[in-house]
Amino acid sequence: MPESEQESAPSGIDTSKPSVARVYDYMLGGKDNYEVDRQVAAAALKIAPDAPQAAMANREFLRRTVRYLAGEAGLRQFLDIGSGLPTQGNVHEVAQSVRPGAHVVYVDHDPIVLAHGRALLAVDETTTIVDADAREAEKVMDDPRTRALIDFSEPVGLLLFGILHHLRDEDDPKGVAARYISRLAPGSHVVISHFHNPGPALPEVSEQATTAERLFNEHLGTGRWRTREEILAYFEGLELLEPGLVPLPEWRPETGDHQAVPGITYHTFVGGVARKP
Ligand SMILES: C[S@@+](CC[C@H](N)C(=O)[O-])C[C@H]1O[C@@H](n2cnc3c(N)ncnc32)[C@H](O)[C@@H]1O
């Protein structure tokens, strides 16, 4: 690691170990990453050269779904779990472009997100950032910073972009999602994007997903490419909206989106939106 990187890093940031938030930031073309993160990214790019496209597809999915939630679905408050580093088109910017004054609570456990998020995500009295472990659903929802902006008796947009696949099987990601969902008022919406292993239906893609999973776990200690059934199970008890659980570029595409080439990552990153009846 170049010495100057540790010196210039915000305090509390360990640049000797890679972090999910910083590797993802690199894939999106961001600047808040270090040599150790770029090494993991380089290894991932060898397995999936189109990984930056997948990251971009995820952000475009975020933009389209949050606009839908703040617009047609009429939501005014959002809980963004595993929000990541500030980037172009942050949730509050997208939501407030449709519904001025919409409230957004960002939640992440990585100190780099908090270091940069305090300035760029917690911008005024409509947004805040909570440093917490996503697995502690009750603690997140009962946090005074969350309660100051979110009224759980009114519909909420629960945003789970690229986070549940960073919870290990033993963390019971379905149970974690269910604990958040159980607190939501009717009319709330849940958005999930998730790494996907298509299994025998697409053997080549499936093999790639397995290799990527191994790499992620070796270097980042996390990352599960789950089956379609496992991902659909998160939406249990909710009404999955059209077009269902699909590769991210297929969720209500709009002109102006990046042209998605159906490469390897096209089928290994899927998402959907559901409504709580
Ligand atoms: C791939 S990024 C996704 C960022 C953003 N949601 C998006 O989809 O563009 C995953 C984020 O989840 C955070 N994360 C992972 N495990 C977490 C946990 N147990 N609690 C809180 N945040 C977590 C990471 O720090 C990272 O910022």
Side-chain angles (χ1 to χ4, degrees), residues 12-14 17-30 32-33 37 40-41 44 48 51-66 78-95 104-118 120-121 129-141 143 145-146 157-173 175-177 179-180 190-196 212-213 216-217 219-225 248 251 265 268-273:
I13 307 300
D14 181 357
K17 290 194 201 86
S19 103
V20 168
R22 292 168 358 206
V23 172
Y24 181 66
D25 173 72
Y26 176 76
M27 291 293 184
L28 282 171
D32 300 320
N33 50 76
D37 307 306
V40 175
Q53 215 181 338
M56 182 68 72
N58 187 43
R59 292 307 297 188
E60 292 189 339
F61 174 72
L62 176 150
R63 180 174 49 75
R64 297 194 303 276
T65 54
V66 171
F78 298 86
L79 183 56
D80 183 10
I81 310 288
S83 48
L85 277 153
T87 180
Q88 266 191 4
N90 297 304
V91 167
H92 70 279
E93 292 159 348
V94 178
V104 178
V105 174
Y106 293 104
V107 179
D108 208 290
H109 70 166
D110 190 322
I112 188 98
V113 175
L114 306 168
H116 294 287
R118 286 209 175 93
L120 293 167
L121 299 176
I129 179 156
V130 175
D131 46 335
D133 190 321
R135 295 171 295 182
E136 299 187 276
E138 288 77 18
K139 207 166 155 190
V140 168
M141 291 184 286
D143 190 289
R145 292 164 292 183
T146 307
L158 174 66
L159 310 179
L160 299 165
F161 295 105
I163 171 71
L164 293 173
H165 56 226
H166 288 301
L167 302 194
R168 294 167 305 175
D169 291 351
E170 53 269 38
D171 291 327
D172 184 20
V176 170
R179 296 214 302 281
Y180 284 103
V190 180
V191 190
I192 296 175
S193 64
H194 202 292
F195 288 159
H196 171 233
E213 185 167 285
F216 264 59
N217 281 279
H219 293 283
L220 299 166
T222 163
R224 280 279 285 112
W225 276 248
L248 301 179
W251 199 91
T265 62
T268 55
F269 211 168
V270 297
V273 179

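Counting convention: from 1, in listed order, for ligands and their atoms alike.
- To the nearest 0.5 angstrom, His92 atom NE2 is 8.0 Å from Leu120 atom CG.
- Which parts of ligand 1 touch Asp110 is read off a 4.0 Å heavy-atom cut-off, strictly below it: atoms 25 (O).
- Counting only heavy atoms of the protein, atom 8 (O) of ligand 1 lies nearest to Asn58 ND2, 2.7 Å.
- In this structure, atom 20 (N) of ligand 1 lies nearest to the protein heavy atom Ala134 N, 2.8 Å.
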For residues 134-141, dump all side-chain donor-acceptor pairs below 3.5 Å to protein atoms at least two apart in sequence or in another chain.
from   : atom 1 : to     : atom 2 : distance (Å)
Arg135 : NE     : Asp133 : OD1    : 3.0
Arg135 : NE     : Asp133 : OD2    : 3.2
Arg135 : NH1    : Asp171 : OD1    : 3.2
Arg135 : NH2    : Asp133 : OD2    : 2.5
Glu138 : OE1    : Arg179 : NE     : 3.2
Glu138 : OE2    : Arg179 : NE     : 3.0

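- Without hydrogens or angle criteria, Asn217 side chain to Gly223 main chain gives a donor-acceptor distance under 3.5 Å.
- Taking distance alone, with nitrogen or oxygen atoms compared against 3.5 Å, Ser193 stays at or beyond that limit from ligand 1.
- Contact analysis leaves Leu62 out of contact with ligand 1, as no non-hydrogen atom separation drops below 4.0 angstrom.
- Close contacts of ligand 1 with Ile163, meaning ligand atoms under 4.0 Å from a residue heavy atom, involve 12 (O), 14 (N), 15 (C), 16 (N), 17 (C), 23 (C).
- Legend: residues meeting ring pair (Phe, Tyr, Trp, His ring centres under 6.0 Å) with Phe161, ordered by chain and number and at least two apart, are Phe61.
- For atom 24 (C) of ligand 1, the closest heavy atom belonging to the protein is Asp108 OD1, 3.5 Å.
- When only non-hydrogen protein atoms are considered, atom 6 (N) of ligand 1 lies nearest to Gly82 O, 2.7 Å.
- A donor-acceptor contact shorter than 3.5 Å links the side chain of Tyr106 to the backbone of Val91.
- Counting heavy atoms closer than 4.0 Å to ligand 1, residue Ser83 contributes backbone atoms (N, CA, C, O) but none from C-beta onward.
- For the pair Arg59 (side chain) and Gly89 (backbone), a donor-acceptor distance under 3.5 Å is present.
- The ligand atoms of ligand 1 that sit less than 4.0 angstrom from a heavy atom of Gly84 are 4 (C), 27 (O).
- We find the NE2-CG distance between His116 and Leu121 to be 11.0 Å, quoted to the nearest 0.5 Å.
- Atom 10 (C) of ligand 1 has its closest protein heavy atom at Gly162 O, 3.4 Å.
- A donor and an acceptor atom, one from each side chain of Asn58 and Tyr24, are located under 3.5 Å apart.
- Using a non-hydrogen distance threshold of 4.0 Å, Ala132 registers as a contact of ligand 1.
- Note that CD of Glu213 is 11.5 Å distant from OG1 of Thr268, once rounded to the nearest 0.5 Å.
- Protein heavy atom in closest approach to atom 19 (N) of ligand 1: Asp133 OD1, 3.0 Å.
- Looking from atom 9 (O) of ligand 1 to the surrounding protein, the closest heavy atom is Tyr24 OH, 2.6 Å.
- In terms of polar-atom proximity, defined here as any N/O pair under 3.5 Å, Val113 makes no such contact with ligand 1.
- Scanning His109, Glu136, Arg22 for the heavy atom closest to atom 18 (C) of ligand 1 points to His109.
- Distance check: Glu93 CD to Thr87 OG1 gives 9.0 Å after rounding to the nearest 0.5 Å.
- Where the criterion is an N or O separation shorter than 3.5 Å, residue side chain and backbone included, Leu85 fails it with respect to ligand 1.
- Between Val23 and His219 there is no side-chain heavy-atom pair separated by less than 4.5 Å.
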